[in-house]
Q: 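The following block contains the structure, expressed as structure tokens.
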Amino acid sequence: MDSFYIIATGSLVAISCGLLGCFLILRKMAMVGDAISHAVLPGIVIAFLISGSRDSFTMLIGAGIIGVLTTFLIEFFHKKGNLQSDASIGVTFTWLFALGVILISVFAGEVDLDQDCVLYGEIAYVPLDLWIGTNGVIYGPRPLYVTGGVLLIVLLFITLGYKELHVTTFDPAFASAIGISTALWHYLLMSAVSLTTVASFESVGAILVVALLIAPPATAYLLTDNFKRMLGITVILGVLVSFTGYYLAVWLDGSIAGAMSTMAGVFFTLAFIFSPVDGLLAKQIARRKEKSVKSLV
Amino acid sequence: MDDLIAFFSFQDPNVRYVAAGSVLLAVSSALVGCFTFLKKKALVGDAVAHSVLPGICLSFLLTGTKNPFYLIIGAFVTGWLALVLIDYITRSSKIKEDTSIGLILSVFFGIGILLLTMIQHSGNAAQTGLDSFLFGKAAALVGQDLIVFSAISILLVIVVFLFYKELALISFDENFAKSIGYPVKRLELVLTTLTVLAVVTGIQAVGVVLMAAMLITPAAAARFWTDRLGVMLLIAAVFGAISGISGAFISYTAPAMPTGPWIVLVVSMLALISFFVAPGKGIFYKIYRQYQIRKRILSENILKLFYQLSEEDGDHQKSRNIEELRTKRPIELKALKKGLRRLLLQGYLRINDNKWSLTTEGKIKGQRIVKLHRLWEVYLTQYLRIAPDHVHEDADNIEHILTPELESRLEALLQYPASDPHSSAIPYDQNMTKN
């Protein structure tokens, strides 16, 4: 049952991250996802200090605000300061992360957080973190409900805003021509990314969040040219990554989050070589065919 | 205060080690970071920082020791491999560079975490401290480590100076470098190697995530102060040194404070200050300049308004009240009043009984703006074939920017047209003749 809980939590996080990641990588904002996942650290610590508990709603809000603030700062330095966008991302998130680490050291006694846990998380503790009702009834692991709730929000967001997200991703000029605010949808998407990151943080850690935001969508992108199909493949890959990652971790007796990231890399490598659409082999064959056709002519 | 003296007298050998180590690491990564920044590959440093972890673990698994020399070799190999893979994925598929950076970063780090936890679970007693590579322990740098890291840092600085010209060229204009026969591929390799070396050594001080800041932040800050590469390197190095020594000092006075994050926080503060106050490129300076421009545009628009009104009734001396001005062009009341008062002080307007009129200087200036506006409209309709009813807005913007040189070239090009596309006369200066 424990393995089921862990794989289920991993899959829920993977699906939320992957769906949002599809939009991120097509908007060339993959590294903004990475930045948010690190920059929310001070938000988590501050919310922790204010609310005094882990499972509080304040934590989601606090860190969500910092997440959006991060993207705002990145845009601000890029647009107003003429700082190139990659440097703007790099300066902003490292600064916030440093602040977060310092806050943790200052309030070490009061905050039940440590850096290791924040960076690579401990999904193995999911089955231990039970949600116990007031009358002593055990409803199952709490992270399962949190990540499930987040997935629901993400699904709702993508379904309701599909048209707007789609058009602002693929044709921002057309979007503003027909009166869809690219800025509004940019910040809505960033809020969704922040929310997902924060909710996934304690269960899977920052690095697995980044891996799940980028690797499955990138893999799916190599397998299809159709956006809806890309979303579908990403969901399947997310579940596969959680499943295989968990058993790899059990087999090697190592970190589950690390193993899941590793498997995400393995799937990407497979797609990179064998994809019928865009794989190395397919391209090689196409080139050879072209050559033989030319030699016939 | 005692702490300050105790620290900066460098009597304590431990203080000497930590201070020297932090400064050397910060300076060498700041120098290398300038080149990656200019090549617009700032985030590559972040990727390398994450990718050295599996190398460190593999090297420990293979050799069974924590000898910094072996660990560095391992780190170097995977860090380097990561850069090559990022480049390869970007070149040979439709995956964009930022996606491949994020992908390699997270997957390599994931593999590293997996290996690290495997080592920890294996119960090998020698492994303790391996994870200091993750978070950095500048305050614990001692003896052997420090000699290795200092040697690498000094080597980095020397290589940057030796290859200064070549690195500068490939950072600014790769194609030009290629065309004049520079071995660009090999120079790229040098830069890649320098980046990986800087990251591998710096990680000891500040840890994985913050290593990216050591490369990017000093360079980004320095860029705001100068357009010259040499000066930029110097400023970045100074910022690096300041933050290195402050970080070391803070963790000396408050031992519970982590050195690395403080180094990054100090250098980030220097960068934030630079972003705002640097002359020329700083955000404050830009806001000030925009304010100046807006002020000038308002003044010019008011003078133009007076001139147009006096054209209508042929009297350039006529006094007008604010309401009359606003019926012709609805300028916001507060801004209009402010603008009028400014023009009065500058001598372009007169005030009499709450009514305003143009002085001779004011008339000349207003006339010039009207002339530029109409000339530009003629230019757009004649040369760009834009319909006459579409040219007004564009001319409204350009009239404030045209220089006297452009003005005379326009006049010559259009051969002093008598009227604009809306058949309003173009007012030329009376004293000027067609020549």
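Hydrogens, waters and symmetry mates play no part in the numbers below; they use all other heavy atoms, side chains included. We name chains A, B, ... by the order of the sequence lines, and we start the count at 1 in each one.
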Q: Take B:I287 and A:K80 through the test side chain to side chain contact (heavy atoms under 4.5 Å, CB included) and record every step on the way to the result.
A: CA-CA 9 Å; B:I287 291 173; A:K80 293 278 170 191; 6.0 Å; no
Q: Given a strict heavy-atom distance threshold of 4.5 Å, which part of A:Y221 is in contact with chain B: side chain, backbone, both, or neither?
A: both
Q: When rounded to the nearest 0.5 angstrom, what distance separates OG in B:S268 from CG in A:L99?
A: 9.5 Å
Q: Non-hydrogen atoms of chain A under 4.5 Å away: do they reach the side chain of B:K286, the backbone, both or neither?
A: side chain
Q: Could you check which of B:F108, B:F224, B:F276, B:F275 has the highest count of heavy-atom pairs closer than 4.5 Å to chain A?
A: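 When all of B:F108, B:F224, B:F276, B:F275 are compared, B:F275 has the most.
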Q: Within a radius of less than 6.0 Å around CZ of A:F170, do more than 12 heavy atoms belonging to other residues, nucleotides or ligands occur?
A: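 For A:F170, atom CZ is crowded (more than 12 foreign heavy atoms under 6.0 Å).
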Q: Are there over 12 heavy-atom neighbours, none belonging to A:K283, within less than 6.0 Å of that residue's NZ?
A: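 More than 12 within 6.0 Å, yes.
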Q: Answer with side chain, backbone, both or neither: which region of B:L272 has an atom nearer than 4.5 Å to a non-hydrogen atom of chain A?
A: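 Side chain of B:L272 only, per the 4.5 Å heavy-atom cut-off to chain A.
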Q: May I ask you to test the B:D46-A:M31 pair for a side-chain heavy-atom distance under 4.5 Å?
A: yes
Q: Side chain, backbone, both or neither: which part of A:L248 has an atom under 4.5 Å from a heavy atom of chain B?
A: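 Side chain only.
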Q: Is it the case that the side chain of B:T117 and the backbone of A:G254 share a donor-acceptor pair, with hydrogens and angles ignored and the cut-off at 3.5 Å?
A: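 Between the backbone of A:G254 and the side chain of B:T117 there is no qualifying donor-acceptor contact (under 3.5 Å).
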Q: As an exercise: rank A:D253, A:L83, A:L280 by heavy-atom pairs under 4.5 Å with chain B and give me the winner.
A: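 When all of A:D253, A:L83, A:L280 are compared, A:D253 has the most.
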Q: For B:F37, which atoms come within 4.5 Å of any heavy atom of chain A: side chain, backbone, both, or neither?
A: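 Looking at B:F37, backbone and side chain both touch chain A.
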Q: Using a cut-off of 6.0 Å, state whether more than 12 heavy atoms not belonging to A:R229 lie near its atom CZ.
A: no
Q: Look at A:G265, A:G81, A:S88, A:A211 and state which one has the largest set of heavy-atom pairs under 4.5 Å with chain B.
A: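 Highest number of pairs under 4.5 Å: A:G81.
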Q: Kindly determine whether A:F272 and B:I95 satisfy side chain to side chain contact (heavy atoms under 4.5 Å, CB included), including the steps that lead there.
A: CA-CA 10 Å; A:F272 190 71; B:I95 305 275; 5.6 Å; no
Q: Using non-hydrogen atoms and a 4.5 Å limit, figure out which bit of B:L105 sits close to chain A: side chain, backbone, both or neither.
A: side chain
Q: Ignoring hydrogens, what is the shortest heavy-atom contact between B:K40 and A:Q84? Give both atom names and the distance.
A: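 The answer is CA-NE2, 3.5 Å.
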Q: Is A:D86 in contact with chain B via its backbone, its side chain, both, or neither, using a 4.5 Å heavy-atom distance?
A: both
Q: Is B:K94 close to chain A through its backbone or its side chain, or both, or neither, when contacts mean heavy atoms under 4.5 Å?
A: both
Q: Find out whether B:I283 and A:F76 are in side-chain contact, i.e. whether some heavy atom of one side chain is under 4.5 Å from a heavy atom of the other.
A: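 Yes, at least one pair of side-chain atoms sits under 4.5 Å.
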Q: State, with a plain yes or no, whether a side-chain heavy atom of B:L103 is found less than 4.5 Å away from one of A:I25.
A: no
Q: Indicate the atoms forming the closest heavy-atom contact of A:T94 with B:L210, along with that distance.
A: O-CD2, 3.5 Å
Q: Evaluate A:S261 against B:I111 for side chain to side chain contact (heavy atoms under 4.5 Å, CB included), listing each step before the verdict.
A: CA-CA 7 Å; A:S261 310; B:I111 297 172; over 6 Å; no
Q: Looking at B:I101, B:V264, B:V267, B:I89, which makes the most heavy-atom pairs under 4.5 Å with chain A?
A: B:I89
Q: Atom CE of B:M118 and atom OG of A:S255: how far apart are they, to the nearest 0.5 Å?
A: 11.5 Å
Q: For a quick test of reading the model, state the closest non-hydrogen atom pair linking A:A30 to B:T99 and the distance between them.
A: CB-CA, 3.8 Å
Q: For chain B, find which of A:P217, A:A218, A:S275, A:A249 contributes the most heavy-atom pairs closer than 4.5 angstrom.
A: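 Greatest number of close heavy-atom pairs with chain B: A:A218.
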Q: Side chain, backbone, both or neither: which part of B:D98 has a heavy atom under 4.5 Å from chain A?
A: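 Looking at B:D98, backbone and side chain both touch chain A.
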Q: For B:I216 versus A:G90, what's the shortest heavy-atom pair and its separation?
A: CD1-CA, 3.7 Å
Q: Is it the backbone or the side chain of A:M29 that comes under 4.5 Å from a heavy atom of chain B, or both, or neither?
A: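 The backbone, not the side chain.
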Q: For B:P261 and A:I102, work out which heavy atoms get closest and say how close.
A: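 It is CB-CG1, 3.6 Å.
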Q: Could you check whether atom CZ of B:F172 has more than 12 heavy atoms from other residues, nucleotides or ligands sitting under 6.0 Å from it?
A: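 Yes, enclosed.
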Q: As an exercise: rank B:G112, B:A42, B:A212 by heavy-atom pairs under 4.5 Å with chain A and give me the winner.
A: B:A42
Q: Quick check on A:L222 against chain B: is it the side chain, the backbone, both or neither that has a heavy atom closer than 4.5 Å?
A: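 Answer is both: backbone and side chain atoms of A:L222 are under 4.5 Å from chain B.
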